[in-house]
Enquirer: 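Sharing a structure here in structure tokens format.
Quantities reported herein were computed from a predicted structural model and do not represent experimental measurements.
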Amino acid sequence: MKVQNPSLVDIASAYTRTRCTTVLSILASNAKHKVWLKPTSEMSFLYGNHVLKGGLGRITENIAPGDGVVVMFSMSDVPLGFEIAAKSNT
């Protein structure tokens, strides 16, 4: 599939859930914003929990609340999923 100027939403909606590994690879290669998790936070994220600031290994610059981010595992650059960035009020 060839898309002119694809957005993350367009790419994600173009594939079915059965091709999740492929979708995450495409999203990871095209994403502006990425978040790498510490190994201790990986399983928590995969079970659907929020990732706290202490669980982040590194992040790309200029991520604003509401931006879509690709979540990567540790420093090995294996994509785990995609989420929306948030900022706490405290």
Enquirer: Name all residues meeting the side chain to side chain contact (heavy atoms under 4.5 Å, CB included) criterion together with Leu56; count only those two or more places apart in sequence or in a different chain, and write none if there are none.
Expert: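 Once residues adjacent in sequence are excluded, the partners of Leu56 under the side chain to side chain contact (heavy atoms under 4.5 Å, CB included) criterion are Val35, Leu37, Val51, Ile59.
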
Enquirer: How far apart are the closest heavy atoms of Glu61 and His33, and which atoms are they?
Expert: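 Closest heavy-atom pair between Glu61 and His33: O-ND1, 4.1 Å.
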
Enquirer: Strictly by side-chain hydrogen bond (donor to acceptor under 3.5 Å, both in side chains), give each pair with a member in residues 46-57 just once, sequence neighbours left out.
Expert: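 For residues 46-57, and leaving out neighbouring residues, the side-chain hydrogen bond (donor to acceptor under 3.5 Å, both in side chains) pairs sorted by first residue read Ser44-Asn49.
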
Enquirer: Side-chain heavy atoms nearer than 4.5 Å, only ILVMFWY residues, links allowed to pass through others: does that put Ile84 and Ile63 together?
Expert: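 Shared cluster, no.
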
Enquirer: Does the side chain of Phe82 come within less than 4.5 Å of Val71's, by heavy atoms?
Expert: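 Side chain of Val71 against side chain of Phe82, heavy atoms only: no contact under 4.5 Å found.
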
Enquirer: Quick one: side chain to side chain donor-acceptor pair (under 3.5 Å) partners of Thr60, sequence neighbours excluded?
Expert: none

Enquirer: Look only at the side chain of Asp67 and the backbone of Ala64, and say whether a donor-acceptor pair between them is shorter than 3.5 Å.
Expert: yes

Enquirer: Please tell me if the side chains of Val69 and Lys34 come closer than 4.5 Å, counting only heavy atoms from C-beta onward.
Expert: no

